[in-house]
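Structure first, then comments.
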Amino acid sequence: MQTGFLPRSRLSDVPVLFPLSFSKKCLSIAVTANEDAAIGTGAFISVKRGSLSQTGFAVRGIWNSGYMNAGVYYISLGF
């Protein structure tokens, strides 16, 4: 299991590298915004399709502003 935090970004797709690569596979990941700025604005965050790997993933954040205007926490499970 690995966890982390991404600060706000001007990108809509933010690449993330795990602190340590999983030796075989990352099985699951969850992302969540840490600020109320993302609530009630038509915003969403997700893992970019096809980006999950042993070494990392990309967070896709879409807000009305066109970029990720809130920090994001993540937790990943793998082996």
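This structure is a prediction, so every number in the text was calculated from the model and none was measured. All residue numbers in this chain count up from 1 along the given sequence.
Side chain of S51 to main chain of F57: no donor-acceptor pair is present (N/O by atom type, distance under 3.5 Å, no hydrogens or angles). With S53 contributing its side chain and T55 its backbone, the two residues share a donor-acceptor pair below 3.5 Å. Checked by atom type and distance alone, the side chain of Q54 pairs as donor or acceptor with a backbone atom of S23 at under 3.5 Å.
How far CG of L20 is from CG of L17: 11.5 Å, rounded to the nearest 0.5 Å. With rounding to the nearest 0.5 angstrom, the CG atom of L77 is 5.5 Å from the OG atom of S28.
Summarising the geometry of M1 relative to F22, their closest heavy-atom pair is N-CE2, 4.4 Å, with the distance given to 0.1 Å. Contact detail for S21 and Q2: the closest heavy-atom pair is C-NE2, 4.5 Å.
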Please lay out, stage by stage, how V47 and V59 fare under the test side chain to side chain contact (heavy atoms under 4.5 Å, CB included). CA-CA 5 Å; V47 175; V59 171; 5.8 Å; no
Apply the test side chain to side chain contact (heavy atoms under 4.5 Å, CB included) to residues I75 and I29: give CA-CA distance (whole Å), side-chain angles for both, the deciding distance (0.1 Å), then the verdict. CA-CA 6 Å; I75 184 168; I29 191 155; over 6 Å; no
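Counting only heavy atoms from C-beta outward, the side chains of T3 and Y73 never approach each other to under 4.5 Å.
Aromatic pair Y74/F5: ring centres not closer than 6.0 Å.
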